[in-house]
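Before any comments, here is the structure.
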Amino acid sequence: MSKPNYDKQCRTGKMNRVRMGKGLDNHALVEFDSIPERFRIQIVKKLGVPPKKNTQNLVLNHYKDDYEAVDFFACHLLDQYRTLDPEKQDEYVKNAQMLQAVELFVKETLSFVRSRNGKRGLTDIWNDAASAVAEVKDQIGHTLPKSARRLKEKLEEFKKDGYSSLISDNFGNNKASKVKDTQQEALLRTLLRDHRSFDNEQIANVYNSVAKFQQFPALSASTIGNYRKKWNLLVFAGTKGEKGFDNKIAMHVKRSAPSSPLLFWTVDGWDAELLYQKTSVNLKGQSITTYHNRLTMVVVLDPSIKYPIGYAIGTQENAELIKAALRNAVRHTEELFGSKHKVLQIQSDNYAKKEMTPIYTMMSDHFTPAKVGNAKSKVIEPWFKHFNKTYCQLAPNWSGQGVKAKIQPNDEYLNKIKHSFPDEVGCKMQLIRMIEMERERLQEQFLKAYNEMPQDARKLMSQHEYLMCFGETTGDTNKVSHNGLHIAINGRKMEFESFDPNFRMNSHVDWTIKYDSDNLQQVLAYDEKQNISFMLTNKYVQPMALYDLKEGDSEERTKVKNFNKDLKTLVLDTQAEDSKKVSQMFIQNPELDNTLAKMLIVDSRGQHKDQRNAKRLDTGKKLLEKQNKKIERQEQRSWEDQQMEYLNNKMDFSKFLENE
């Protein structure tokens, strides 16, 4: 290289002169990589590969970020279903990036040397690479081996198995694991999921007896316990069943509360945690008092603000108690909003499902029973815990928080005060007061939410629907008389009527009466066979004496009079229409005339006898003519006989016969 060329290369920055050659015995230094290639080739031929410091720089030139390695080690799961800690992830990423840099350095250096007929071999290149990797260990933070042989083996493993080859076998004590074979795992999981729910000691005994013949390492009970935790997902259903798996392991859907009242109701029963005393007589006739008794409360909850919209209290849960809670819910909507309301959706468990489904579907647009055994799907379960803790626990006769709960009352003290427990009625009054307190606490918020709800979400329930769902029955059937239906309700005789003509047309039906004891102004007459029903009103009683007349009596009489008038008009109009159609039929079919005498069919003027008598006269005329002809024939025959007798008397023909 000429001096002017050298100066120009340095001046233009094409060569990086890191030290000037000024001063006594001083030499200029130029970065090897910045020297033009045609000169670098000559330098390598004459002097060989650059010093180690330059090799280190060449390796670092190939060191690049590998985002694929970052993702792999961040998502990699160990056999214990754990991820690598961040420090290990960073270490393995740096190792991967350094191996990739070493691979590129070795390939390029070897290619460069061979293309220029260099003297250095592959062994020297790997030695330089290993030295460079060791020198930058502190700078980079990798943990690759220092020897060229081990570094080369590590690169071969990395090229074969990828990023997973960098994860140590000793990580997480995997090498020390005694259960490595798939048969071992299958045997151990089978024992862990057995329906008899063996404990760790029992499983260890059974497993080790098999392992002895299969030459598996023996396991201790503590090791079994570790594997039970590790494989909990795979073995839980075997010991706890599908319901337990769904409740504890399976993924659950997270739901939000209804945005407004009356969109969703949930119904469930609960054994109230309040004790009461009960006296009964045993088979020997002895009087025995028990103090462990508890009442059952069925609650209808509106989850929009967790408002107890309905409830009923009894000694045990059954269809009648559930129906009473729903009846209370509908009545309470009338107390709150001025009219009875339905709900858009109702949820319950599967208790008495067959009997209750018709009522659920009648009082809601959608009935969605909870899955069997899935208690978490019912938001009312946590509400019972809230009610128990907030109200019941404050009562002296509180019985606890369930059998499995840790918080329980002092049973010794309960035994001391058991004689002060209320009876069944007193305990029921306790629960009623608590429910009403909860209602009072939330009522203002509930009314405000109702006023803000969309109009199309409000579904009113008619009195007809209410009585069909929740009406009481007398236990007997009734038929209509001229005075309507006579019914005895709670020992009181009452009469009910309907201004619907169709009710009179079904006077032959035996009606089942459904009523509400709190409102006897209306009842429902229902026939299950024909599936027909009518709303009846309490019959208005008119005074006999004019002196007793009061306001409204006249209007009621007029109402009855107009109904009867309309009823007769309906009868006459139907009669005229029928006559018109029948007359037309006889005109079109003359052969039917002979049937007129046998049928009581009126003419268009409502007359039948004229037509019947006309027919009879026609028949009589024909019979009279026939009789007259017979009489004429008899008279003619009689006259001829008289003539022959006369002639016989005048002439004696026997004489002539004798003479002959």
Side-chain angles (χ1 to χ4, degrees), residues 265-303 305-318 320-329 331-332 335-336 349 351 375-376 378-446:
W265 286 354
T266 178
V267 185
D268 200 8
W270 175 62
D271 290 333
E273 299 288 355
L274 294 177
L275 300 172
Y276 71 91
Q277 56 178 305
K278 179 181 179 182
T279 302
S280 58
V281 179
N282 61 14
L283 297 176
K284 297 181 179 180
Q286 298 172 332
S287 179
I288 298 178
T289 302
T290 55
Y291 304 92
H292 63 276
N293 309 286
R294 293 191 299 166
L295 292 171
T296 297
M297 182 170 63
V298 174
V299 175
V300 183
L301 188 72
D302 191 315
I305 62 167
K306 296 181 174 61
Y307 185 85
I309 191 73
Y311 69 94
I313 303 170
T315 55
Q316 63 180 7
E317 185 176 2
N318 51 42
E320 289 301 319
L321 195 64
I322 298 173
K323 191 183 299 184
L326 293 170
R327 183 190 302 115
N328 181 264
R331 285 182 176 178
H332 192 52
E335 296 170 358
L336 292 174
D349 55 21
Y351 185 84
K376 291 187 177 181
K378 296 181 292 185
V379 70
I380 196 171
E381 295 285 350
W383 184 87
F384 284 134
K385 294 181 180 179
H386 152 76
F387 183 80
N388 186 27
K389 183 178 180 180
T390 307
Y391 297 102
C392 297
Q393 192 170 358
L394 303 180
N397 55 324
W398 181 64
S399 63
Q401 292 186 355
V403 177
K404 298 181 180 180
K406 294 181 180 180
I407 301 177
Q408 300 291 357
N410 185 335
D411 55 349
E412 293 181 3
Y413 186 78
L414 282 177
N415 195 47
K416 289 181 180 181
I417 65 171
K418 63 184 179 181
H419 297 288
S420 65
F421 289 172
D423 59 6
E424 181 179 334
V425 176
C427 187
K428 184 177 293 186
M429 293 306 301
Q430 280 184 303
L431 291 171
I432 291 175
R433 284 195 298 269
M434 293 173 183
I435 285 283
E436 294 301 330
M437 288 172 62
E438 181 72 357
R439 280 180 169 180
E440 184 178 354
R441 183 179 71 86
L442 299 171
Q443 195 167 107
E444 184 178 350
Q445 183 182 353
F446 195 65

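Values below: every heavy atom of this structure, side chains too, minus hydrogens, waters and symmetry copies.
Shown here are the side-chain contact (heavy atoms from CB on, under 4.5 Å) partners of Q286, two or more places apart in sequence or in another chain: N282, K284. The side chain to side chain donor-acceptor pair (under 3.5 Å) search around D302 returns W265, S304, not counting sequence neighbours. Taking Y276 as the reference, nothing meets the ring pair (Phe, Tyr, Trp, His ring centres under 6.0 Å) condition, with sequence neighbours excluded. With sequence neighbours left out, R433 forms a side chain to side chain donor-acceptor pair (under 3.5 Å) with no residue at all. Under the salt bridge (Lys or Arg N to Asp or Glu O under 4.0 Å) criterion, E438 pairs with R441, sequence neighbours left out. With sequence neighbours excluded, the residues that form a ring pair (Phe, Tyr, Trp, His ring centres under 6.0 Å) with F384 are W270. For K416, there are no side-chain contact (heavy atoms from CB on, under 4.5 Å) partners, not counting sequence neighbours. Remark: H292 engages T290 in a side-chain contact (heavy atoms from CB on, under 4.5 Å) (not counting sequence neighbours). A search for side chain to side chain donor-acceptor pair (under 3.5 Å) contacts involving E440 returns nothing, not counting sequence neighbours. For K306, the salt bridge (Lys or Arg N to Asp or Glu O under 4.0 Å) test picks out no residue, with sequence neighbours left out. Contacts of Q393 classified as side-chain contact (heavy atoms from CB on, under 4.5 Å), with partners at least two apart in sequence or in another chain: K389, W398, Q401, I407.
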Less than 3.5 Å apart, which donor and acceptor atoms pair up between the side chains of residues 418-430 and the rest of the protein, not counting sequence neighbours?
residue: H419; atom: ND1; partner: Y291; partner atom: OH; Å: 3.2
residue: S420; atom: OG; partner: I417; partner atom: O; Å: 2.6
residue: D423; atom: OD1; partner: V425; partner atom: N; Å: 3.4
residue: D423; atom: OD1; partner: G426; partner atom: N; Å: 2.8
residue: Q430; atom: OE1; partner: N397; partner atom: ND2; Å: 3.1
residue: Q430; atom: NE2; partner: N397; partner atom: OD1; Å: 3.2

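When atom types are taken as modelled, the side chain of Y351 and the backbone of E317 share a donor-acceptor pair closer than 3.5 angstrom.
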